[in-house]
Amino acid sequence: MESKAKTTTPFIDKGLLQTTELYKYLLETSVYPREAESLKELRALTLSHPWAVMGTAPDAAQFMAFILKLINAKKTIEIGVFTGYSLLLTALTIPDDGKITAIDVDRSAYEMGLPVIEKAGVKHKINFIESEALPILGQLLMQPENRGTFDFAFVDADKVNYTNYHERVLELLRPGGVVIYDNTLWGGSVAMPEHLAPVRMLGTRSDAIEFNNYLAADARVQISQVPLGDGITMCRRL
Ligand SMILES: C[S@@+](CC[C@H](N)C(=O)[O-])C[C@H]1O[C@@H](n2cnc3c(N)ncnc32)[C@H](O)[C@@H]1O
């Protein structure tokens, strides 16, 4: 009888980030020494928020700044602002006449980081919209001047909607534009057997697994899964 066992593609194990020490080394050697003072301040301020863990990881953010510069991003959108670490990073990186449409249901967290953003002199680049993201994306798409005009998007909100965001963001991006999704490895739980994954992670774990498979099969984008922070997936619109 034919075996039903799942075949695995042979692979060479180059998984490097196996220890907390290695992650600390990466942060302390390459990330913190190059992190802007205002970003350090915002990160420190955010530690007093009960959901501080939600802030974008500085190593992933540093990579995001690299991409923003590489593609000369000027018109960007962010879904999921929280206290504004990734927002401030984007605002510091794009040119002075660049614009960020930033959407979050929670204005209070944004307001916590706002004094740091103001002090950094980049608030004029930000249009913060307090709302559920999907209706705003729908409104943006109704205006023809927005379609295919965004250089960059960062999506870091409710994972259950990532597929919905992807469909809309792709219509906003210009060809060659980039969207980055955060938390696509969800604490490593995507590769754990379900019974071993912490119960509190199960819902988002299955959202992330579904979304990762969906992106892997999406011929409209070039993708790269980058194991920085909590896992980010970079997609370039073809
Ligand atoms: C992981 S945090 C974002 C972290 C942020 N990028 C940073 O660097 O600190 C997720 C944010 O998404 C927001 N959010 C969750 N669901 C949302 C939705 N449906 N529409 C808009 N924002 C949402 C939450 O209020 C929260 O502030």
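Ligands are counted one by one from 1 in listed order, and the atoms in each one are counted from 1 as well.
- Residue nearest to atom 6 (N) of ligand 1, selected from Asp158, Leu42, Leu134, Asp156: Asp156 (by heavy-atom distance).
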Kindly determine whether Glu171 and Arg220 satisfy salt bridge (Lys or Arg N to Asp or Glu O under 4.0 Å), including the steps that lead there. CA-CA 11 Å; Glu171 290 189 51; Arg220 298 167 298 175; over 6 Å; no
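- Here is the list of ligand 1 atoms found below 4.0 Å of a heavy atom in Tyr165: 18 (C), 19 (N), 20 (N).
- Note: an N/O pair closer than 3.5 Å links Ala133 and ligand 1 by distance alone.
- Of all atoms in ligand 1, numbered sequentially from 1 with element shown, those under 4.0 Å from a heavy atom of Gly80 are 3 (C), 5 (C), 6 (N), 11 (C), 12 (O).
- Polar contact with ligand 1: absent for Asp106 (N/O pair, distance under 3.5 Å).
- Nearest to atom 9 (O) of ligand 1 by heavy atom, out of Ala102, Gly55, Ala52, Ala60, is Gly55.
- For Trp51, no heavy-atom contact with ligand 1 is shorter than 4.0 Å.
- Distances between N or O atoms of Asn183 and those of ligand 1 include no value under 3.5 Å.
- Judged purely by atom type and a 3.5 angstrom limit, Gln225 has no side-chain atom pairing as donor or acceptor with the backbone of Asn212.
- Looking at Ala61 against ligand 1, nothing comes within 4.0 Å, counting heavy atoms.
- A donor-acceptor pair under 3.5 Å is absent between the side-chain atoms of Thr29 and the main chain of Leu26, judged by distance alone.
- Using a 4.0 Å cut-off to heavy atoms of Val105, the atoms of ligand 1 that qualify are 14 (N), 20 (N), 21 (C), 22 (N), 23 (C), 25 (O).
- In terms of polar-atom proximity, defined here as any N/O pair under 3.5 Å, Thr83 makes no such contact with ligand 1.
- Of the polar atoms of Ser86, at least one N or O is found under 3.5 Å from an N or O of ligand 1, judged by distance alone.
- For Ala157, no nitrogen or oxygen atom sits less than 3.5 Å from a nitrogen or oxygen atom of ligand 1, counting backbone and side chain alike.
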Are Ser86 and Asp156 close enough, and set up right, to give a side chain to side chain donor-acceptor pair (under 3.5 Å), and what steps lead you there? CA-CA 9 Å; Ser86 51; Asp156 186 15; 5.1 Å; no
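- Residue contacts with ligand 1 for Val81 involve N, CA, C or O but no side-chain atom from C-beta outward (heavy atoms, distance under 4.0 Å).
- Checked by distance only, ligand 1 and Asn161 stay at 3.5 Å or farther apart across all their nitrogen or oxygen atoms.
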